[in-house]
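Have a look at the structure below, then the notes.
Atom set for the values below is all heavy atoms of this structure, side chains included, hydrogens, waters and symmetry mates excluded. Throughout, a chain's letter reflects where its sequence line sits, starting with A, and its residues are numbered from 1.
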Amino acid sequence: KAGVTQTPRYLIKTRGQQVTLSCSPISGHRSVSWYQQTPGQGLQFLFEYFSETQRNKGNFPGRFSGRQFSNSRSEMNVSTLELGDSALYLCASSPWQGTYEQYFGPGTRLTVT
Amino acid sequence: KNEVEQSPQNLTAQEGEFITINCSYSVGISALHWLQQHPGGGIVSLFMLSSGKKKHGRLIATINIQEKHSSLHITASHPRDSAVYICAVDPNYGQNFVFGPGTRLSVLP
């Protein structure tokens with residue numbers, strides 16, 4: 001089975017722009033979670049989707065949004081980028097909602113200049 | 001006080017040594033995860049625990065729910081074990097992981 005894939009792997013954007021990141025979960029997995037990792041804050045939960053519904057959202061401003069499609073693929077969007085949004089964005093999939101092992105993608109490294 | 005704490009922050013060991021990394025948390029949890037992150041960013045899930053002890057090869061993870069404490073042990077450490085080890089707690093059945101700051105392990109040959 002192919003693992004979790006994320007595109008693009010690297011991205012450079014300018015302050016004020018918006019960005020969309022994509023995550024394709026392992027085939028058959030229905031739950032996708034997104035995380036932000038920065039040197040200062042470490043790993044932080046962004047949101048989780050199951051069956052096209054956002055189940056929970058972390059403590060991030062409304063500029064961060066996401067969605068999940070019927071094939072379980074997910075996108076996250078960040079609008080009006082700030083320098084502090086520079087981070088590694090990771091997605092992880094699991095078979096179902098609830099307490100399951102998470103399978104992580106390689107991440108998208110976003111640099112905001 | 002952070003909800004999830006790890007010790008030590010950094011650890012350097014000689015190849016072959018027995019290593020212990022500790023995780024303490026302050027919230028109720030449905031499960032605790034140990035993750036491994038290599039340089040470059042990729043994260044691998046090592047264990048998911050809700051009670052007791054699990055073993056996979058040279059890795060052993062234990063959890064004490066009453067004490068709100070978990071340990072990750074590496075027996076016969078090897079340079080390829082060099083990575084950041086992250087403890088993550090699941091307070092609500094997969095809805096909102098809370099991560100520890102990580103322990104950076106270097107194993108010297």
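A distance-only check finds a donor-acceptor pair linking the side chain of B:T75 to the backbone of B:R58 [under 3.5 Å].
Proximity to chain B is limited to the side chain of A:L88, based on heavy atoms less than 4.5 angstrom apart. Only the side chain of A:Y35 comes within contact range of chain B, with heavy atoms under 4.5 Å apart. With a threshold of 4.5 angstrom between heavy atoms, A:L46 does not approach chain B through any atom at all.
A continuous path of ILVMFWY side-chain contacts below 4.5 Å connects A:V112 to A:W34, so both sit in one hydrophobic cluster.
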Check the pair A:E52 / A:S70 against side chain to side chain donor-acceptor pair (under 3.5 Å), numbers first and verdict last.
-> CA-CA 6 Å; A:E52 303 176 67; A:S70 58; 4.9 Å; no
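For the set A:E101, A:Q44, A:Q41, the count of heavy-atom pairs under 4.5 angstrom toward chain B peaks at A:E101.
Using a cut-off of 4.0 Å between Lys/Arg side-chain N and Asp/Glu carboxylate O, A:K13 and A:D85 are scored as not salt-bridged.
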